Every structure is written in structure tokens, then in C-alpha cells.
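Below, each value reflects all heavy atoms present in this structure, side chains not excepted, and no hydrogens, waters or symmetry copies. Model, not experiment: these values are computed from the prediction.
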Amino acid sequence: MSTDTLRLFRVDDAFLGRYQRLVTGTVIPYQEDILNDRIPGVEKSHAVENYRLAAEVNETGSCSREFYGMVFQDSDVAKWLEAAAYSLALRKDEALERRCDEVIALIGRAQQKDGYLNTYFTVKEKGRRWTDLQEAHELYCAGHMMEAAVAWYECTGKRNLLDIMCRMADHIYTHFITEKAPGFPGHPEVELALVRLYGATGEKRYLELARHFIDVRGVDSDYFKKESEGRGWQVWGGWNGDTEYTQSQAPVREQQDAVGHAVRAVYLYSGMASAALETGDGALAAACRRLWESITRRRMYVTGAIGSAYEGEAFTKDYHLPNDTAYGETCASIGLIFFARRMLELDRNGEYADVMERAFYNTVLAGMQLDGKSFFYVNALESLPGISGKAVTHRHTLPVRPQWFACACCPPNAARLIASISRYAWMLDGATAYSLLFVGGTLDLSGTHGIKIHVVTGYPYDGRVEYRFEPCGDRKPAELTLAVRLPGWSRGSVRCSKNGKPFAYEEKNGFAYIAHIIEDFGADDTLSFEFAMEPRRIYPSPRISADSGKVAFMRGPLVYCAEGADNPGGVLNLRVKRDAEPRLLPFCKDELFGVQKLAVAGRRVADGGELYTDARPDEADCDITLVPYYAWANRGENEMRVWLPEE
């Protein structure tokens, strides 16, 4: 496994630097207040209070109030703690660290003597633990808290949460391995978390447990049916017969397509890839590649969103990618990024980083308001005021971001990803440093290679990326190769130079390899890559019926959309002229925290007021203004479209 770059790369640029400062300075405190029910008028969380109630049960045998929230409410606290851990790695904050320690102490008090930890079953459903693996999310919540524990240990050096979750992992091992209890998680997550816990502790039983849950999934595709029939109670509706929803229709090594609940799927695939990497399981790795291709070649939106249907928050069928009813959960794209990052560990191919970039800069960033205080759960590619959020078929596609929601998995998930973006910007594999995402900052390899690599860029609006090299340290530097991703959208037009002169590199699988960095580059040298940033049209496969006759626009990694705020008269009656070239508008530094808009010539169709007419409607030439998709819905409710009709 490659070296983790979380602590080695420090972000320092105008774009993602702002996002990280937003997360550390605004998002984490804001979410902390929500988790503690301190913000009036916002959807109640009660997540921290549930831990207090569980501690009260452990200490007195009863509690004064009832459990509140979803069965998986514990996981919101876990993801927030993980984000806070990464924040502390970015900047020291003694007050935040102290408050986190207080929450961790509370979690410890909520843990039962045998290591079991789950507030829903401690407070609300005593005596029923491990009887509803399908719906109850016990292993899901445990997995998220394991991830938080590993992050807390990595970022602070403290074992307080790690020890708690090792006891929980030991309890799970005893139940499922030693005592041979049947079953596997209804909502995958613990698989990838156990591999992370194994990496932090070296305890091989945790890797064994992760492999167990992966190996038994789908072997008995009727397991959840039998469980539901035998327990006599359920959290929600019990078993509905849909094995694809839980990715249990077949053993994982035999699964052919990405199916079911999209978040569950990519969390599972991330765990599978992690286990394949640790164990060298070729069949498992092959299944991961097959499922990756199913997603990215037939079931993914142009924005990197996944999950086409509200029903089941799920993948549907190949090329079924509706725009106005798209689900595209923020968590699903985050999970896709997790999957992509692990696939890069298995296979050094720039394709994985291309998808990672697409999902991050578009869907994930769109999932959070630019001020960090409102969030999308669903990320549709078309918004229709009066229909979106209101019609029975569109109630999930809200036209504006709410401050919070009852199922609040996405906000802390986005926070932990943005705070840990260093882990996705770089990958270190022995003597090779892979530059995956183009983020300004410094990669500190002084301890291993006697060098620091400074990245200077105005990405994603500027396609120039400069690498500057600072020798440091007294030891003799080790050999180092720099591998720079060549984005799929720019591979036909990349200029590489050293100190302003053309520089040759070896290209392989979407990366430019530059060897002998230590020997050939000094403090006065700059290695520059310039990627083609001309606005470009994107055409859909003719198999995507929702996009037939339409076109979308991208510049660099950014998908653009037409929004009513920039196009008085709305966007639903706009048509793009077939031969018109999209053009850049002046950079707006004071709008939407700095944004580069596009314009393209088109026509506006007049509304004659009739539902149907045999008269051709009047048309007028117009300019269509486009804004990056991540920035939409920051100026009130209005129409929005990614895919526009072309004429």
C-alpha cells in the first residue's frame, strides 16, 4: 500500500484553499452546533444527545428521554469527528480538540461492557441487537466510527477513540467469527473501515473480518428474507425481496453490474478494492474493475453523479440517466471518489483520477452552499421551479439547499472529504510521487527524499500547473520520479516545459513520468504543464434518451449549466446554435466567490401561451450564459439545465 499523503501535502491555493478554510472555520463549527441541537429553526439532529442517553442507560439502567432520529444517527457524529480530526491536522485548535475529547469520552460511556456500541439499540431497542442486519445499520455506524477513530489517531496521536472502536471490532469479531453468527451488513461500510483499522493497528483479525463480510455477501441471496421472517420485528418495512438493492444478488466476485442503492454499492466496492490490495486477491480485484466499468461507462452522469432513481436511491439500467429526476446523492459521489482512490492503488491508471476529479469538482462541491451552511442531498442536472421539490415525482430534487435534513449523511461526509483532500491530490508509491489532483500547495518529502515539491496553480480555472523543487535536509536524497496525471479531457493538447523550454516525458496509462527529479531539478528549476482549457462541447451517447439532441459544456474539469439568474426569461426555452463556439467571459472575482462564466450563441423560443399549437413558435437570437455547476442554486430558486437542446 502506498504512503498516505494526508500530512505530507499542505493545500495553499485560492480555490481549494478557500474550501478547506471554509470547512475548518465555518462548516465544522456549524455542524457541531447542529449535532448538539443549538441552532433554532434547523432540522433537529439529537445525535450527541443520543449518546448521552445511551451513557445514562449504561450507568443507571434507564434514561429520562427517548431516542430521536434515524437508526443511523450515530454516524453523523462519527463523520463530524473524522472531519474535525483532519481539521486539527491542518491547523491547531486546542478548544476544538478539547470538545472532541469530551465527545469521545461520552462515546466511551455509551459503550457497553462487552464492547457493543450503538445508541439506537442501547436506548430504544434493547435486546434486539444484531437481529436486523438488513435495515438497522449497526455495522454501518460501527464502520464510520472506526474511520473516525483511525483519523483521530493519525491526526492527534491519541488512542482514546481507537481503543473504543477496537473493543467494538473485537465484539463484532467474536459475534460473527468466533460464535459464527450468520449475516453481512445491509448497508456496506464496515468493510472498508475494518481495512483502515487493520492498517492503523496491525491487528490481522480486522482484515479477516473485513474479508469475511465481503466473502459471505450474496452467497445466500435469501439471507435477508430469512432474517426478516425470523425476527418478528423491523426498523422500517422489512424485506421487500430486492436483493440488488443490498448488492446481495450474487457473491461479489460474480457480480457483473453496479446495482441497487448507489452509496451502499460504492462503499462496498471500496472495501472490496481495499481488501484486494491487502490480500492480493486477483478475483476480487477483477470484480472491482468490472464494477468500475459498469458505473463509469454506462451508469454515471456527466457531473460524476451516480444513482439515477429516487426509488431505492439506486442505479437503474444502462444509459438510464434522467436529468430532472436524477438522484445523484452527494454521498454517492464521495463514495465513488473513495472507490477511485483505491482503484488507483490497484492499477496506476489516470482514468480513476479523472473520475475522482469529475465527481469532486462537480457533484461533491455542488452538494454544499458556497457559504458552507446549506447542503444538497440530491444533485439533479435540471431544476424546474414549481415542479422540482413539489411534484410527487420530483419531491426529492430540491431547487435550493436546506440547512440540514433528517437523514443528514451528506453534510459531514463532504466536510471530511474536503478536509482530507491531500489524500486524493497525491499518491506516493515507493520512489514515485503521483500528482492526481491539481491543487496548489507543498508536498513535503524532506524526510524520505530530501526535497519539497511546491505546486503553483490557478486550477480549476487556469490550466497551468507548475512544480518547483526545494532541496532540503542533510541526508543524501533518494531517487524520485514524478508522475503527473494527464487529464483525459486534455491529453490531445498538453504542453510540458522546463524553465520555459519544451520538455519530453514518458507517457503511460494517463500519466507523464519524469524520472530523476532529485538529480535533474534544483531550486531554480520549474517544471510546467499547460492543459488545454478551451471551453468544449460534450455530446452524450445516443443511448441516453434523456439527452437526445442535447449538448453540455465543460471547461477543464468543470461542467457548466445554464441558470435563470444569468438568463432572464429562464432556460427551458433556450436552444444552442449548432455551430456557435462557446467563449470565456471575464473572470468575476466578486461573484460566487470567484467564477469564470461562459457564453454561447443560441435562440430563445417564445411562449405563445398555448399548451400545444400547430404554429411554429417565434424565436430570437440571444447569448446563453453558463455558470459552473458547482456554483448553481446560490442565488435563490431559478431554472437550471446542464444539457441544452442544440439546433
Side-chain angles (χ1 to χ4, degrees), residues 301-303 305 308-310 320-328 362-363 366 376 378-401 535 537-540 542 544-554 558-580 582-583 585 592 595 597-647:
Y301 285 93
V302 70
T303 56
S308 302
Y310 163 76
H320 178 238
L321 296 165
N323 295 306
D324 58 334
T325 59
Y327 206 74
N362 297 291
T363 299
F376 272 143
V378 170
N379 293 277
L381 281 74
E382 185 167 304
S383 186
L384 313 169
I387 297 175
S388 297
K390 296 182 179 179
V392 65
T393 52
H394 292 65
R395 285 178 184 163
H396 60 288
T397 59
L398 300 181
V400 294
R401 298 172 183 84
R537 290 174 181 245
I538 304 297
Y539 294 99
I544 305 175
S545 62
D547 301 333
S548 180
K550 297 179 181 178
V551 65
F553 294 88
M554 292 186 70
L558 300 179
V559 174
Y560 278 71
C561 64
E563 194 176 12
D566 300 301
N567 297 278
V571 302
L572 300 184
N573 56 349
L574 295 177
R575 306 287 185 270
V576 177
K577 291 184 178 180
R578 182 177 299 274
D579 298 325
R583 60 190 187 279
L585 296 178
L592 299 170
V595 69
K597 297 180 183 180
L598 304 180
V600 63
R603 290 187 176 90
R604 184 178 296 281
V605 179
D607 182 358
E610 299 290 333
L611 186 59
Y612 303 103
T613 178
D614 56 7
R616 182 183 296 276
D618 293 334
E619 296 183 3
D621 288 346
C622 67
D623 263 355
I624 301 171
T625 301
L626 306 170
V627 68
Y629 176 78
Y630 77 82
W632 90 275
N634 277 272
R635 296 170 293 181
E637 181 176 352
N638 60 162
E639 294 177 359
M640 183 277 292
R641 264 186 172 174
V642 170
W643 292 99
L644 296 167
E646 185 183 59
E647 63 174 27

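Once rounded to the nearest 0.5 Å, the distance linking CD1 of Ile544 with NE2 of His320 reads 11.0 Å. Between the CE atom in Met640 and the CG atom in Leu572 there is a gap of 10.5 Å [rounded to 0.5 Å]. A distance of 7.5 Å separates CD in Glu382 from OG in Ser388, rounded to the nearest 0.5 Å.
Looking only at side-chain heavy atoms (C-beta outward), Val378 and Leu398 stay at 4.5 Å or farther from each other. For the pair Pro399 and Ser383, the minimum side-chain heavy-atom distance is below 4.5 Å. At least one side-chain heavy atom of Leu585 sits less than 4.5 Å from a side-chain heavy atom of Thr625. Looking only at side-chain heavy atoms (C-beta outward), Asp623 and Arg583 come within less than 4.5 Å of each other.
For Trp632 and Phe376, the distance between ring centers is under 6.0 angstrom.
The closest donor-acceptor contact from the side chain of Arg604 to the backbone of Gly570 lies under 3.5 Å. Remark: the backbone N or O of Val400 is not paired with any side-chain donor or acceptor of Glu637 at under 3.5 angstrom.
Residues meeting the side chain to side chain donor-acceptor pair (under 3.5 Å) test with His394, sequence neighbours left out: Asp324.
Using a cutoff of 4.0 Å between basic side-chain nitrogens and carboxylate oxygens, Glu619 and Arg575 are not scored as salt-bridged.
Contact record, Arg641 with Pro645: NH1-CD, 3.8 Å, taken as the closest heavy-atom pair.
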